[in-house]
There are 2 protein chains.
Amino acid sequence: MNVRGLCLAILYFGDATGYEIRKQAQEGVFSYFIEASYGAIYPALGKLTEEGLVSWREEVQSGKPNKKIYTLTPAGKAAFIKDLSGEPAPDKFKSEFLLMMMCSELLEPQRVERLIDAQLAMLEEKIGEMNAAYKECTREGSRYALTCGIQSYTQAIDHLRQSRKNLVDQAGSARGDDAGPPQPLASMAKEARR
Amino acid sequence: MNVRGLCLAILYFGDATGYEIRKQAQEGVFSYFIEASYGAIYPALGKLTEEGLVSWREEVQSGKPNKKIYTLTPAGKAAFIKDLSGEPAPDKFKSEFLLMMMCSELLEPQRVERLIDAQLAMLEEKIGEMNAAYKECTREGSRYALTCGIQSYTQAIDHLRQSRKNLVDQAGSARGDDAGPPQPLASMAKEARR
DNA sequence: GCTCACATGTAATAAGTTACATGATTTC
DNA sequence: GAAATCATGTAACTTATTACATGTGAGC
């Protein structure tokens with residue numbers, strides 16, 4: 001689902017400004033499984049307005065630009081339901097942290113320690129945010145999505161704490177120019193054996 | 001990390017063709033946290049060759065295009081280590097499935113059931129692949145990354161099995177044109193109250 | 001006979017990121 | 001005095017996706 005669908009989804013749950021949509025995607029109920037930047041949201045909202053799928057009213061403010069509060073139109077709700085009728089794209093997870101852990105034999109042990117601690121802190125912060133969102137959340141779907149995130153991150157913390165020592169201990173073992181090739185990956189062994 | 005870094009990473013573990021790199025990213029040790037398509041890999045490999053970070057040799061084959069087996073050059077290894085020295089980009093997870101679950105009150109119960117079953121099947125398949133990769137895997141970093149994925153998906157299956165009934169039962173409750181606005185999300189309540 | 005695995009690559013297009021531009025108010 | 005929050009938006013740029021093009025051999 002692209003930013004368009006994401007705006008539709010968030011607006012389905014209630015009126016919001018572009019700013020608030022981004023916040024939902026960053027800290028709210030959607031934060032576990034959605035991404036969106038201003039540079040994507042504002043243009044998307046403009047386009048949705050053109051298409052008649054959302055409308056907006058202005059709320060005057062002083063000192064900041066006036067708020068533009070967007071609402072899903074009936075056509076917008078219909079479009080959203082239609083979007084929802086397709087097959088979901090496969091889940092995607094990307095982690096540079098894990099890539100670095102895979103290559104930690106090339107990193108200084110101290111750096112590996114710092115990376116791990118930063119990751120643990122990040123995971124704890126996200127759990128905090130999700131717990132906060134969970135408290136006031138009554139819909140079954142939202143509760144399911146949030147507990148997915150909370151449980152997943154909680155487990156990631158446990159696992160990382162347990163692995164920390166091993167990861168740090170073997171770090172740096174392949175540094176230096178003379179360090180030959182690494183042990184090949186299992187699935188590449190065939191290739192390497194030739 | 002973009003496709004360039006990913007090619008460097010995979011080639012660090014051993015020589016490979018573009019085809020094999022994609023496979024690693026799709027089913028191998030990297031599959032849990034990396035994505036890459038041919039349309040991204042082949043051009044990246046060409047560019048890396050120009051920059052002198054990788055080199056290749058040809059292996060003649062009949063019936064298929066000759067294999068181009070890429071190797072990381074010393075300059076490439078150095079560049080990779082340098083890439084690794086930056087701060088890792090934050091992890092990213094995207095899931096249309098979870099978005100659909102959040103909106104399952106708009107979906108027919110039968111469809112929710114089908115979506116859940118497909119998701120469970122997908123999770124099981126991925127676990128199978130990762131277990132296979134794990135068996136022959138000795139590096140600490142790789143084992144950590146793989147167990148991350150295996151544990152995470154295993155938990156996701158448990159959680160989804162437990163939630164299945166609740167999700168299906170409440171599905172469809174907001175279908176129809178007359179279904180008023182949904183219960184607003186917690187963080188939007190303030191907005192809605194005005 | 002059909003589909004999958006193998007194997008390379010290009011080109012058009014879609015999509016989103018980053019940085020910029022502006023500026024008051026609040027908190028540390 | 002600095003940084004974060006609120007609040008909008010644009011433009012240049014990067015990046016990757018999708019579909020196409022080509023072709024054999026193996027297994028069902």
Side-chain angles (χ1 to χ4, degrees), chain A residues 1-8 15-28 34-50 54 56-70 83 86-87 89-90 92 94 96 125 129 187-188 190-191 194, chain B residues 1-8 15-28 34-50 54 56-70 83 86-87 89-90 92 94 96 125 129 187-188 190-191 194:
Chain A
M1 184 122 343
N2 47 15
V3 180
R4 179 184 167 276
L6 171 174
C7 290
L8 255 22
D15 296 355
T17 65
Y19 189 84
E20 287 165 344
I21 288 175
R22 162 120 182 301
K23 229 183 153 186
Q24 283 294 320
Q26 198 148 66
E27 313 166 16
I34 266 182
E35 307 279 331
S37 63
Y38 290 133
I41 291 170
Y42 284 116
L45 249 15
K47 219 175 170 186
L48 287 168
T49 305
E50 272 178 42
V54 304
W56 54 271
R57 59 183 189 278
E58 208 154 28
E59 193 171 282
V60 180
Q61 299 193 129
S62 57
K64 341 175 191 185
N66 292 338
K67 270 188 184 177
K68 285 173 88 168
I69 303 171
Y70 289 86
D83 276 13
E87 286 310 293
K92 276 174 191 167
K94 276 193 193 181
E96 284 192 13
E125 201 198 315
E129 280 169 13
S187 43
M188 292 186 140
K190 265 180 294 180
E191 197 63 30
R194 282 192 202 154
Chain B
M1 184 118 345
N2 47 16
V3 180
R4 179 185 168 275
L6 171 173
C7 289
L8 254 23
D15 297 353
T17 64
Y19 188 85
E20 286 165 344
I21 289 175
R22 162 121 182 300
K23 226 183 155 187
Q24 282 293 321
Q26 196 147 67
E27 312 165 18
I34 266 183
E35 305 280 332
S37 63
Y38 290 133
I41 291 170
Y42 285 116
L45 249 15
K47 220 175 170 186
L48 286 168
T49 304
E50 272 177 44
V54 304
W56 53 272
R57 59 182 188 279
E58 208 154 27
E59 193 170 283
V60 180
Q61 299 194 129
S62 59
K64 340 175 192 183
N66 292 338
K67 270 189 185 180
K68 285 173 89 169
I69 303 171
Y70 289 87
D83 276 14
E87 286 309 296
K92 278 176 190 163
K94 276 193 195 180
E96 285 192 13
E125 201 196 315
E129 280 169 13
S187 43
M188 292 187 139
K190 266 180 293 180
E191 197 63 32
R194 284 194 200 148

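Quick note on labels: first sequence line is chain A, next is B, and so on, each numbered from 1.
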_Check: B:Glu20 side chain, B:Gln24 main-chain N or O, donor-acceptor pair, under 3.5 Å_ = no
_In this structure, how many angstroms lie between the P atom of D:dA7 and the CD atom of A:Gln26, rounded?_
15 Å
*Starting at CD1 of A:Ile21 and ending at P of D:dG9, how long is that distance when rounded to a whole Å?*
11 Å
*Report the C-alpha separation of A:Arg57 and A:Asp15 in whole Å, then their side-chain angles, then the decisive distance to 0.1 Å, and conclude whether the side-chain contact (heavy atoms from CB on, under 4.5 Å) test is met.*
CA-CA 10 Å; A:Arg57 59 183 189 278; A:Asp15 296 355; 3.2 Å; yes
*Between atom CD of B:Glu58 and atom CG of B:Asn66, what is the distance when rounded to the nearest 0.5 Å?*
4.5 Å
_Can you measure B:Ile41 atom CD1 to C:dT10 atom P for me and round it to whole angstrom units?_
14 Å
*What's the spacing between B:Tyr42 OH and B:Thr17 OG1 if we round to 0.5 Å?*
6.0 Å
*Nearest of D:dG9, D:dA16, C:dT10 to any side-chain atom of B:Pro43?*
C:dT10
_Quick check on DNA chain C: between A:Ser37 and B:Gly39, whose nearest nucleotide comes earlier from the 5' end?_
B:Gly39
_Atom-to-atom span, NZ of A:Lys94 to P of C:dT17 - whole angstrom_ = 10 Å
Distances for protein N or O near nucleotides 4-7 of chain C N or O, under 3.5 Å:
unit_1 : atom_1 : unit_2  : atom_2 : d
C:dC6  : OP2    : B:Tyr19 : OH     : 3.1
C:dA7  : OP1    : B:Gln61 : OE1    : 2.8

*Between A:Leu48 and A:Cys7, does a side-chain contact (heavy atoms from CB on, under 4.5 Å) hold up when you go through it step by step?*
CA-CA 9 Å; A:Leu48 287 168; A:Cys7 290; 3.8 Å; yes
*Take atom CZ of B:Arg4 and atom P of D:dT14, then tell me their distance rounded to the nearest Å.*
14 Å
*asked:* Rounded to whole Å, how long is the line connecting atom CZ of A:Arg22 with atom C1' of D:dG9?
replied: 14 Å
*Note, A:Lys47 side chain near A:Arg4 side chain (heavy atom, < 4.5 Å)*: no
*Could you give the CD1-to-C1' distance, from B:Ile34 to D:dT17, as a whole number of Å?*
17 Å
*Let me know the distance between CD of A:Glu59 and P of D:dA7, rounded to the nearest Å.*
8 Å
